[in-house]
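Counting begins at 1 with the first residue of the sequence. In this text the structure is predicted, and so the values were computed from the model without any measurement.
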Amino acid sequence: MVYVFCFFFNSVATATAVKLLEQGKQFDGMILEGAFLNARMETNKLTEHPFTWFYWKFPHIQYSLFNPLKNKDLNLPTDENLQKNLTPLMILHAEDDHLVPFASAQEIYRTAKKAQNSDEHVKLVQFDASLGYLHNGLYKDPGLPDIIREFVQSLMT
């Protein structure tokens, strides 16, 4: 059986992967989508972040999510985590991503490739800007299931 992490919040995926590896638990690969290299911010400014607009629609979100984080720094070092995680990695990213620049995916690719010292275990799949997928539209690509299937099958060999 092949175990693959596929998170859409890449810093959580890479941090979870490192924790599992530190506990001696193995997995076969990881897929990151629309990935940014690092997230470092003061949590008292977290409510100003563009990714948090959605959460404000929920009642009492201020008290349950943001207040516990108040006056703490949030550090999500994807680059540091990728240097500790040596499992195969596939990065999916649209060239026209308006929230996370494509250059971020390229930097993640370079960082992971250098850490793994391998061209075989790290793959960057870019989706042309003309497709108009932006940040959240990769699911629309008719070839995506085959891309993921091919990656997972490569883990079984």
Reported OG1-to-CG distance for the pair Thr14 and Asn85, which is rounded to 0.5 angstrom: 8.0 Å
Atom pair CG/OG1 of Leu20 and Thr87 - distance to nearest 0.5 Å: 10.5 Å
Pairwise salt bridge (charged side-chain N to carboxylate O under 4.0 Å, His left out) hits with a residue in residues 135-145, at least two apart: none
Hphob cluster co-occupancy, Ile31 + Val18, side-chain heavy atoms under 4.5 angstrom: no
Residue pairs passing the salt bridge (charged side-chain N to carboxylate O under 4.0 Å, His left out) test where at least one lies in residues 97-117, sequence neighbours excluded: Glu107-Arg110, Lys113-Asp119
In one Ile/Leu/Val/Met/Phe/Trp/Tyr side-chain cluster, 4.5 Å: Phe102, Leu89: yes
Heavy-atom pair with the smallest gap, counting every atom of Ile91 and Ala105: CG2-CB, 4.1 Å
With sequence neighbours excluded, residues passing side chain to side chain contact (heavy atoms under 4.5 Å, CB included) with Gln116: Leu86, Ser118, His121, Val122
Interatomic distance, Leu131 atom CG to Gln126 atom CD [nearest 0.5 angstrom]: 11.0 Å
Closest approach of Leu138 to Ala94 (non-hydrogen atoms, all atoms of both residues): CD2-CB, 3.9 Å
All side chain to side chain contact (heavy atoms under 4.5 Å, CB included) counterparts of Ala129, not counting sequence neighbours: Glu95, Asp96
Distance-minimising heavy-atom pair for Tyr133 and Pro142: OH-CD, 4.0 Å
Rounded distance [0.5 Å steps], CG in Leu32 versus OH in Tyr109: 14.0 Å
Heavy atoms from other residues, nucleotides or ligands near CG of Asn117 exceed 12 (cutoff 6.0 Å): no
Residues in side chain to side chain contact (heavy atoms under 4.5 Å, CB included) contact with Val125, at least two apart in sequence or another chain: Met90, Leu92, Lys123, Phe127, Ile147
Main-chain N/O of Ser104 paired to His93 side chain as donor or acceptor, under 3.5 Å: no
hydrophobic_cluster_shared for Leu144 and Val152, side chain cutoff 4.5 Å: yes
Distance in Å, His98 NE2 paired with Asn136 CG, rounded so as to fall on 0.5 Å steps: 7.0 Å
Nearest heavy atoms of Gly34 and His135, plus distance in Å: O-CE1, 3.5 Å
Partners meeting side chain to side chain donor-acceptor pair (under 3.5 Å) with Thr111 (sequence neighbours left out): none
CD/Glu120: more than 12 non-hydrogen atoms of other groups inside 6.0 Å: no
Same apolar cluster (I L V M F W Y, side chains within < 4.5 Å links), Ile148/Met156: yes
